[in-house]
Q: 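Pasting in a structure now, in structure tokens, and then I'll have a few things to ask.
What you are looking at is a predicted structure, and each value in this text was computed from that prediction instead of being measured. What's counted below: heavy atoms across the whole structure, side chains too, no hydrogens, waters or symmetry copies. In what follows, every chain begins at residue 1, and chains take the letters A, B, ... in the order their sequences are listed.
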Amino acid sequence: MSQKPQKPAGGNSPLESTLSKSYDPHSIEQRIYQTWEQAGVFAPSGRGKPYCIMIPPPNVTGSLHMGHAFQDTLMDTLIRYHRMRGDNTLWQAGTDHAGIATQMVVERQIEAEGKTRHDLGRDEFVKRVWKWKAESGGTITRQLRRMGASLDWSRERFTMDDGLSQAVTEVFVRLYEEGLIYRGKRLVNWDPVLHTAVSDLEVISEEEAGHLWHIRYPIAGTNKHLVVATTRPETMLGDTAVAVHPEDERYKPFIGKLVALPLTDREIPIIADEYVDREFGSGCVKITPAHDFNDYEVGKRHNLPVINIFYSDACINLPDSPYHGQDRFMARKKIVADLEALGLIERIQDHKLMVPRGDRTGAVIEPFLTDQWYVKVGPLAAEAIKAVETGRIRFVPENWTKTYYEWMRNIQDWCISRQIWWGHRIPAWYDADGQVYVARGASAAHAQAKQQHGQDIPLEQDEDVLDTWFSSALWPFSTLGWPEQTRELKTFYPTSVLVTGFDIIFFWVARMIMMGLRFAGDVPFREVYIHGLVRDAHGQKMSKSKGNILDPIDLIDGIDLESLVVKRTASLMQPQMEKKIEQATRKEFPHGIPAYGTDALRFTFASLATQGRDIKFDLGRIDGYRNFCNKLWNAARYVLMNAEGEDCGQSYEDGAQAPSARPPLPAGEGMGVRADLPPPLPSPKGRGEAGKNLYSVELTVADRWILARLQEVSAEVESAFRDYRIDLASQAVYSFVWHEYCDWYLELSKVVLTDSKSGSELLRGTRRTLVAVLESLLRLLHPVMPFITEEIWLRMAKLAGKPGMTIMREPYPVPDMKKADSTAIDEMHWVMGVITSVRNIRGEMDIPPGKRLPLLVQDGTARDRKYLDSNRHYLETLARAESISWLEKGTDAPESATALVSHMKVLIPLGSIIDKNQELERLGKEMEKIERDLSKAKTKLANPEFVDRAPKNVVEQENQRVLRFETTLSKLRAQFAKVKALPG
RNA sequence: GGGUGCUUAGCUCAGUCGGUAGAGCGUCGCCCUUACAAGGCGAAGGCCGGGGGUUCGAACCCCUCAGCACCCACCA
């Protein structure tokens, strides 16, 4: 290493002397990130107002998808913004153990070795998972770094690490002691592939095509029968009644009688229950309490026996039945065939039904009777609802509160036990009699047992683990050290905002609120910022099986078409989709995906982050923002070319603060946030700021204009951030950078800088403004585009008089209304108006932009004369005017193309350049447009009600418009007539 | 069956207080002007989903219809 290892960003870069001609994200991003992380600048500063965001912990098994990338961009932008605002900012890092998902990954590996987890045994298996986590669990955190996420990695946590596991146990025990956790035998959603219970939320019900079988159940002792309709004929083996509606005249006589259940030797009663819908099917419902949630309730009301007909893998468990041991779907076929043979099938109808499937396995979920642990959610939910009602938690956008209430008011008890091995083992022990001891550890459980029984007795721990979301619910406080009352907990809890997708409100947001209120004594966050889902360019959800996934890393690094095709078609669940996916991919990305770099990707996300709407990810957008990076880069090149080594009137000229000479960044501490002062800009006269190296400067109207506009844009950004409108914030800066700073100000600055007659104070003023505005823009943009802004900033910080080590800890620009300068803005508008009108004529007439034209002006006011006099140089250069001369009133103008800037006529003598008909057409178009506007305005004013009732200023404004349109129009008409009268 | 959101230029989307409809991409001209061709300058392109109402005035507020998307829910 050289002797400046601390400053690779400024010192080792290929940009040592000049910036490369176009922006190359690859050469800077990872280097800059490493510098930041090593310097510890992601850690809280220790001073300022606390600001904290908890990352929704990604699964350790996971890799970064577009949803993460989007969400992390939003969070990082907020975090960087607040860090620059001087807040004591923590973005808590960590990952989730993701019980079922992770267990499935490792089980698949073991399967590949020809074994099952049972061959290994529980302890060995869990060891295997830990090993796997250590080796492969870091993918997503590496990818987060690629996104530029300024997470405090020094505080990274894992939901299964010791501290967090202790929090889990503590919460479980306390809830149990308060009677809010109980164990019960009930119907649960059972995944027959995973052999575990899952919560309501982990079941996805979708409409699928199926059948409705109408089956005859003979009425005992008669030759009559009842017809029941069912979508699941195999469950008839567990029927314990047939229900009809109590008021149903058709069946009233049979209530209380028995039917002979076909294919069994059982007789079951005909019961009456309000639950039955007379209109549906035959109006008779078979009741299978063990395998249907409704039937279970009916069974309870009528004291029906509950006959479980399945094993845990959903094979028939009826040793005396011919269907014993068969899979449920096999059994269905068999049973239907057998019924048919007996003449008991009346008809089979096609039928659409909602089929519940496990979100992980896709297997049809089976209602299954088991012992499980539950959280009694009612009391917790009541508090959680109140917290939102009273405004202690605010949803953004606000309408999500409705969704939240809807769910919380209908919430069911939460099944928290899972019959898997990877996760937090339930802190419950049983003695030989099945008595349960819930305790903070095995020894505590033994002590409990001993106290009750007067002697040591053997205990066995519950085999189950907790739902992953149980530990996630504690994340906002467990990561901060709870149950210890740590300094971090006191500082950062409640956290500031939770940034998440609506799909997770129920799984996570609601549960965090309940647990936070109960155990950490306050809401877990003050605001919940809900963003949309990232979809593909056609609005489809991205999914592996659809083959429309975009990998954020591919957008950053680029990927060629062949690799993309391979990636999208690899290990598909449905191989028949391969062809289709390949075709679609080749069509959509004929040249693969170019390397856009992180900043372009982040800017795209930021710009698409509108509220209340999902985002369709369109490559066109990221293309445009990559170009924006390049634009910014080249603007910086221009500024550096003109300012570096030149006299910019800044006070740091001695080299002592040069990047290479700065001390290394202290870790975490000492990165004090300085007072938020804009670059030391002098007053127009250059007085009032003493400093031995501060030279006086003269500011042009362009300088004053761009500085004034910068204040306005800063204000816009500030208010956008306040409303979580990051899209508006980034759009505001985008258009300012491109369309004001680059399109106008840089061009205007050339006029001064290339003019040999420019005095040193003027040159200095222009350079200083170029530098100061660029430097402010970098800070404005940094939260969204961290890398490119840091790279440029390090290059130019000292030109701007900034001794800082990284833009990350520089103050965020705040609008300074002292620099509001409406006269400069007015004057520049005038200048731009004249230039634009000349350009317009040029464009319409296809006159080459390089061709110099003589300009005549006529009929101006005193203001026009004044502005023209002081801005002649700008007009000549930017409008490519050969000359500009006043034509006295009444003087006959030569044949010309004409434009109007308020009252002033701008004439371009036709000479041989301009085609008469073309000019007539152009004038005609102009007149038409104004006529339209004029007549609209006139109609308005002709309406007495408008004049009477509309606010005075609106009426006045309308009057002004009419006047303006009328003068313009009359001048255009005169010009039109004049041109028309010309020969040729 | 309840609930939510969306519908604005060819495409993707902004539109704050109800007061002159905007941007990016794409398209069409003219330009390789020494920051940038990933660029510059200019232009075309709109019944703001339909209907009704409130208002002097509606893309915006109210009602209604239609289409699309999503969430919740036990019709066998």
Side-chain angles (χ1 to χ4, degrees), chain A residues 19 21-23 205 212 228-232 235 243 275-277 279-288 292-297 351 353-354 367 397 399-400 402-403 406-407 410 502-503 505-506 532-533 535 537 539 541 594 600 607-608 610 612-621 623-642 719-720 723 725 727-728 731 734-735 739 742-743 746-747 750 754 835-836 839-850 880 925 933 936-937 940 943-951 953-955 957-958 961:
Chain A
L19 297 175
K21 193 168 170 182
S22 54
Y23 174 56
S205 285
L212 196 56
V228 298
T230 181
T231 54
R232 299 205 51 197
T235 62
Y275 153 71
V276 179
D277 175 358
E279 309 300 317
F280 189 89
S282 60
C284 300
V285 187
K286 61 191 272 310
I287 302 296
T288 322
D292 183 283
F293 289 100
N294 289 311
D295 293 5
Y296 185 72
E297 294 302 317
H351 183 70
L353 71 160
M354 299 295 278
N399 58 285
W400 287 107
K402 258 191 152 166
T403 309
E406 197 60 33
W407 191 71
N410 298 305
F502 63 83
D503 52 330
I505 292 180
F506 308 141
L533 251 45
R535 299 170 175 279
K541 224 172 180 167
S607 307
L608 291 170
T610 61
R613 152 182 333 241
D614 288 349
I615 66 177
K616 290 188 205 173
F617 195 88
D618 176 16
L619 277 195
R621 290 295 284 260
D623 230 20
Y625 295 124
R626 187 260 325 257
N627 296 354
F628 178 62
C629 291
N630 196 47
K631 190 76 182 172
L632 183 65
W633 183 258
N634 276 289
R637 276 181 70 216
Y638 170 80
V639 172
L640 287 171
M641 280 167 71
N642 285 288
S719 95
D723 300 337
R725 291 302 303 266
D727 57 325
L728 298 182
Q731 280 315 311
Y734 175 97
S735 76
H739 299 306
C742 290
D743 286 352
L746 294 194
E747 296 306 319
K750 289 175 187 173
T754 56
I835 293 168
T836 304
R839 284 175 175 172
N840 179 308
I841 291 172
R842 246 183 226 283
E844 296 273 296
M845 301 276 173
D846 291 349
I847 301 170
R880 290 252 157 191
K925 258 196 319 200
D933 287 347
K936 246 200 271 180
K940 235 183 199 180
N943 181 354
E945 305 227 54
F946 171 72
V947 180
D948 289 349
R949 300 209 197 182
N953 62 318
V954 173
V955 177
Q957 182 187 304
E958 211 60 26
R961 290 184 71 212

Q: Looking at B:G3, I'd like to know if its phosphate oxygens (OP1 or OP2) sit under 4.0 Å from a side-chain N or O belonging to A:Lys402.
A: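 Result: no.
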Q: Starting from Watson-Crick (N1-N3 plus N6-O4 or O6-N4) and G-U wobble pairs under 3.5 Å, report the runs of at least three that RNA chain B belongs to.
A: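 Only these stems qualify: B:1-7 with B:66-72, B:10-13 with B:22-25, B:27-31 with B:39-43, B:49-53 with B:61-65.
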Q: CG of A:Leu619 versus C1' of B:C11: gap in Å, rounded?
A: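 Nearest whole value for this atom pair: 13 Å.
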Q: State which residues pass side chain to side chain donor-acceptor pair (under 3.5 Å) with A:Asp618; sequence neighbours excluded, sorted by chain then number.
A: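 Partners of A:Asp618 by the side chain to side chain donor-acceptor pair (under 3.5 Å) criterion come out as none, since no residue qualifies.
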Q: Rounded to whole angstrom units, what separation is found between the CZ atom of A:Arg621 and the P atom of B:G24?
A: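 That distance rounds to 10 Å.
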Q: Look at all strands and tell whether A:Tyr275 reaches a base, only sugar-phosphate, or nothing, counting heavy atoms closer than 4.0 Å.
A: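 Touches a base.
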Q: In whole Å, I'd like the distance from the CZ atom of A:Phe946 to the P atom of B:U20.
A: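 Nearest whole value for this atom pair: 10 Å.
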Q: Describe the nucleic acid contact of A:Phe617 in one word from base, sugar-phosphate, nothing, applying a heavy-atom distance below 4.0 Å.
A: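 Contact class for A:Phe617: none.
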Q: Indicate, with a heavy-atom threshold strictly under 4.0 Å, whether A:Phe293 touches base, sugar-phosphate, or nothing.
A: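 The answer is nothing, as A:Phe293 stays clear of every strand by at least 4.0 Å.
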Q: Classify A:Asn943 by what it touches in the nucleic acid, base, sugar-phosphate, or nothing, heavy-atom distance under 4.0 Å.
A: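 Touches sugar-phosphate only.
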Q: Expressed in whole Å, how much space separates the P atoms belonging to B:G2 and B:G19?
A: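 Between the two P atoms, the distance is 36 Å.
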Q: Within the sub-3.5 Å range, which N or O atoms of nucleotides 43-49 of chain B have a protein N or O partner, and how far apart are they?
A:
residue	atom	partner	partner atom	Å
B:A43	OP1	A:Asn840	ND2	3.1

Q: Which residues satisfy the side-chain contact (heavy atoms from CB on, under 4.5 Å) test with A:Glu945, sequence neighbours excluded?
A: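 Partners of A:Glu945 by the side-chain contact (heavy atoms from CB on, under 4.5 Å) criterion, ordered by chain and then number, come out as A:Asn943, A:Arg949.
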Q: Could you work out, with ring-ring contact (aromatic ring centres under 6.0 Å, His included) as the rule, every residue matching A:Tyr23, not counting sequence neighbours?
A: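 So A:Tyr23 forms a ring-ring contact (aromatic ring centres under 6.0 Å, His included) with A:Trp633.
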Q: Touch check for A:Pro944, heavy atoms < 4.0 angstrom, all strands: base, sugar-phosphate only, or nothing?
A: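 Contact class for A:Pro944: none.
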Q: For A:Pro944, give me all partners under side-chain contact (heavy atoms from CB on, under 4.5 Å), at least two apart in sequence or on another chain.
A: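 A:Pro944 satisfies side-chain contact (heavy atoms from CB on, under 4.5 Å) with no other residue.
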Q: Please give the distance between the P atoms of B:C13 and B:A69 as a whole number of Å.
A: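 About 15 Å, rounded to a whole number of Å.
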Q: Would you mind classifying the nucleic acid contact of A:Cys629 as base, sugar-phosphate or nothing, using non-hydrogen atoms under 4.0 angstrom?
A: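 The answer is nothing, as A:Cys629 stays clear of every strand by at least 4.0 Å.
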Q: With C1' as the reference atom in both, quote the distance from B:A9 to B:G49 in angstrom, rounded to an integer.
A: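 Looking at atom C1' only, B:A9 and B:G49 are 15 Å apart.
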Q: Indicate, with a heavy-atom threshold strictly under 4.0 Å, whether A:Lys286 touches base, sugar-phosphate, or nothing.
A: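 The answer is nothing, as A:Lys286 stays clear of every strand by at least 4.0 Å.
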Q: Any side-chain N or O of A:His351 below 4.0 angstrom from OP1/OP2 of B:C75?
A: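 It does not, given that no N or O in the side chain of A:His351 lies less than 4.0 Å from OP1 or OP2 of B:C75.
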Q: Just to be sure I understand the rule, does A:Lys631 reach a base, reach only the sugar-phosphate, or reach nothing, if contact means heavy atoms closer than 4.0 Å?
A: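 If one applies the 4.0 Å heavy-atom cut-off, A:Lys631 turns out to touch a base.
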Q: Using nucleotides 27-31 of chain B, report all nitrogen or oxygen pairs with the protein that are shorter than 3.5 Å.
A:
residue	atom	partner	partner atom	Å
B:G29	O2'	A:Asp846	OD1	3.1
B:G29	O2'	A:Asp846	OD2	3.4

Q: Of all residues at least two apart in sequence or in a different chain, which pass the ring-ring contact (aromatic ring centres under 6.0 Å, His included) check with A:Tyr296?
A: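 So A:Tyr296 forms no ring-ring contact (aromatic ring centres under 6.0 Å, His included) with any residue.
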Q: Residues in side chain to side chain donor-acceptor pair (under 3.5 Å) with A:Asn630, at least two apart?
A: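 Scan of A:Asn630 (side chain to side chain donor-acceptor pair (under 3.5 Å), adjacent residues dropped) gives A:Asn634.
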Q: Quick one: side chain to side chain donor-acceptor pair (under 3.5 Å) partners of A:Arg535, sequence neighbours excluded?
A: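 Result, side chain to side chain donor-acceptor pair (under 3.5 Å) vs A:Arg535: A:Asp614.
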Q: Rounded to the nearest angstrom, tell me the gap between atom CG in A:Asn953 and atom P in B:G57.
A: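 My rounded result for the distance is 18 Å.
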Q: What is the distance, to the nearest angstrom, from the CD1 atom on A:Ile615 to the C1' atom on B:G24?
A: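 Those two atoms, CD1 and C1', are 15 Å apart.
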Q: Could you write nucleotides 67-72 of chain B as a row of B, S and -, 5' to 3', where a protein heavy atom under 4.0 Å of any base atom gives B, of only sugar-phosphate atoms gives S, and otherwise -?
A: ---SSS
Q: Output all residues satisfying side-chain contact (heavy atoms from CB on, under 4.5 Å) with A:Tyr734, sequence neighbours left out; order by chain, then residue number.
A: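 Partners of A:Tyr734 under the side-chain contact (heavy atoms from CB on, under 4.5 Å) test: A:Phe603, A:Tyr625, A:Phe628, A:Gln731, A:Trp738.
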Q: Checking all strands, does A:Glu958 fall into the base, sugar-phosphate, or nothing category for heavy-atom contacts under 4.0 angstrom?
A: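 Counting heavy atoms under 4.0 Å across all strands, no contact is made by A:Glu958.
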Q: Expressed in angstrom and rounded to an integer, what is the separation of A:Tyr638 atom OH from B:C36 atom P?
A: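 Whole-Å distance recorded here is 11 Å.
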Q: Are any of A:Lys750's side-chain N or O atoms less than 4.0 Å away from OP1 or OP2 of B:A35?
A: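 A:Lys750 to B:A35 OP1/OP2: side-chain N or O found under 4.0 Å.
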Q: Measure CZ/A:Arg880 against P/B:G40 and give the value in whole Å, please.
A: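 It is 16 Å, rounded to the nearest whole Å.
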